[in-house]
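Here is the structure we will look at.
In what follows, every heavy atom counts, from backbone to side chain, and hydrogens, waters and symmetry copies are set aside.
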Amino acid sequence: MLKRILQGVVVGIANIIPGVSGGTMLVSMGLYDRLIESITHLFRDWKKSVRFLLPIFIGAGLALVLLAKLFEYLLGTWPVPTNLGFCGLIAGSLPFILNKVRHKGFNTSMAVCFLLFFALVVGMALLGENSGAQASVTITPMNVILLFLVGIIAAATMVIPGVSGSMMLMLLGYYEPILHLINQFVSGLIHFDMGKLLPACGALIPCGLGIVVGIFAVAKLIEWVMDRWPAQTYWAIIGLIVASPVAILLNTDWAGFSWMQLLIGVVTFGLGWFAARKLGGD
């Protein structure tokens, strides 16, 4: 139970940091296939699915609520070591995912899937550097609908390995407003300040409902695609994962780069790799 919650914490932290994918972290820990199966068979095998999903969602929720400010600080103060740590986690996923395509050959369709999805992630990272103005999260009927749709989009990118949900939120202009709402909700909860709590809940609830709908819809789609084109799907996922460190490094703040940060980054990369191996699987 504790190990599964810690795995959820890693997924939650990944979804906070632009360029990092919660889906990639699930692959790195050997949990991705089982997560998709548990979501798509939730009502058919309720007890088994909930036993697997609940601690992961608890860990992810704890990370989003309790660690958002910490990782804002780490990214602001130690951006290179923090991002290299996630690169280590992602690199640790490759041996696992490559086992899925071993002895299955390699053809043009697989190469196209790899290159297409590699380019998708790198392209999103480049666009992220030029993201537009921040969106409004003031509670209006239109914004409630938009927040619901944003939740669906963010959930889709969270489930797909290599595609960063936080990056998508950044492109849409919702990343900083939603991060601010989460911190506002936590502050309001701690101090029981209804002036902060109610507006935050009013914006986060439709977004949360959209995330739930998006997770179920995309999980069903991924299961369907994997059943029909398993090798091509895994090569697409490999393309997404290989591109993820490139996307992370493109979005790293290199302004305060120093050799000390790089040396610490080498250590955090190794720790990330080690964590991926230790947290992997059951």
Side-chain angles (χ1 to χ4, degrees), residues 1-18 20-71 86 89-90 93 147-169 174-175 178-179 181-186 189 197 200-201 203-223 237 275-276 278-282:
M1 179 74 166
L2 178 60
K3 180 179 179 181
R4 195 73 78 214
I5 290 174
L6 290 174
Q7 291 168 332
V9 168
V10 172
V11 174
I13 292 171
N15 285 321
I16 295 171
I17 300 178
V20 187
S21 164
T24 300
M25 294 301 103
L26 287 163
V27 172
S28 74
M29 295 181 289
L31 301 175
Y32 188 72
D33 291 353
R34 190 170 171 188
L35 178 92
I36 296 298
E37 181 183 359
S38 296
I39 292 172
T40 56
H41 296 82
L42 180 61
F43 299 107
R44 188 183 307 171
D45 197 347
W46 173 261
K47 289 184 178 179
K48 182 180 176 181
S49 295
V50 169
R51 196 180 304 121
F52 175 78
L53 292 172
L54 186 60
I56 289 179
F57 285 136
I58 288 172
L62 287 173
L64 289 170
V65 170
L66 301 178
L67 300 178
K69 279 191 176 294
L70 171 62
F71 274 84
F86 274 93
L89 278 167
I90 293 166
S93 74
L147 284 164
F148 178 77
L149 294 174
V150 164
I152 291 176
I153 294 169
T157 56
M158 289 173 195
V159 173
I160 300 171
V163 183
S164 168
S166 51
M167 178 67 68
M168 182 60 71
L169 290 177
Y174 280 91
Y175 177 72
I178 288 178
L179 197 62
L181 284 171
I182 292 171
N183 291 329
Q184 179 181 321
F185 172 80
V186 174
L189 197 62
L197 203 55
C201 286
L204 290 174
I205 287 173
C207 188
L209 291 173
I211 287 172
V212 172
V213 171
I215 285 174
F216 277 92
V218 175
K220 281 285 187 184
L221 176 62
I222 289 174
E223 185 180 52
I237 291 173
K278 284 295 182 181
L279 290 173
D282 294 326

Separation between CD1 of Ile56 and CG of Leu6, rounded to the nearest 0.5 Å: 11.5 Å
Please report the shortest heavy-atom distance between Ala63 and Val9, naming the atom on each side. CB-O, 3.4 Å
When you compare the side chain of Leu42 with that of Val50, does any pair of heavy atoms fall below 4.5 Å? yes
CG on Leu197 to CG on Leu189, rounded to 0.5 Å: 6.0 Å
OG1 of Thr40 to CD1 of Ile36: how many Å apart, nearest 0.5 Å? 7.0 Å
One pair to check against side chain to side chain contact (heavy atoms under 4.5 Å, CB included): Phe185 and Cys201. What are the steps and the verdict? CA-CA 7 Å; Phe185 172 80; Cys201 286; 3.6 Å; yes
Might you work through the side chain to side chain contact (heavy atoms under 4.5 Å, CB included) test for Ile222 and Tyr32, ending with a clear yes or no? CA-CA 11 Å; Ile222 289 174; Tyr32 188 72; 3.0 Å; yes
When rounded to the nearest 0.5 angstrom, what is the spacing between NE2 in His41 and CZ in Arg34? 13.5 Å
Are the side chain of Ser49 and the backbone of Trp46 linked by a donor-acceptor contact shorter than 3.5 Å? no
Heavy atoms only: give me the nearest Ile178-Cys207 pair and the separation to one decimal. CD1-SG, 3.9 Å
Could you measure the distance from the CG atom of Leu209 to the CD1 atom of Ile205? Nearest 0.5 Å is fine. 7.5 Å
So if I apply the side-chain contact (heavy atoms from CB on, under 4.5 Å) rule between Ile215 and each of Ile211, Val218, Val212, Val213, which one comes out positive? Ile211
Once you round to the nearest 0.5 Å, how far does CZ of Phe52 lie from CZ of Phe57? 9.0 Å
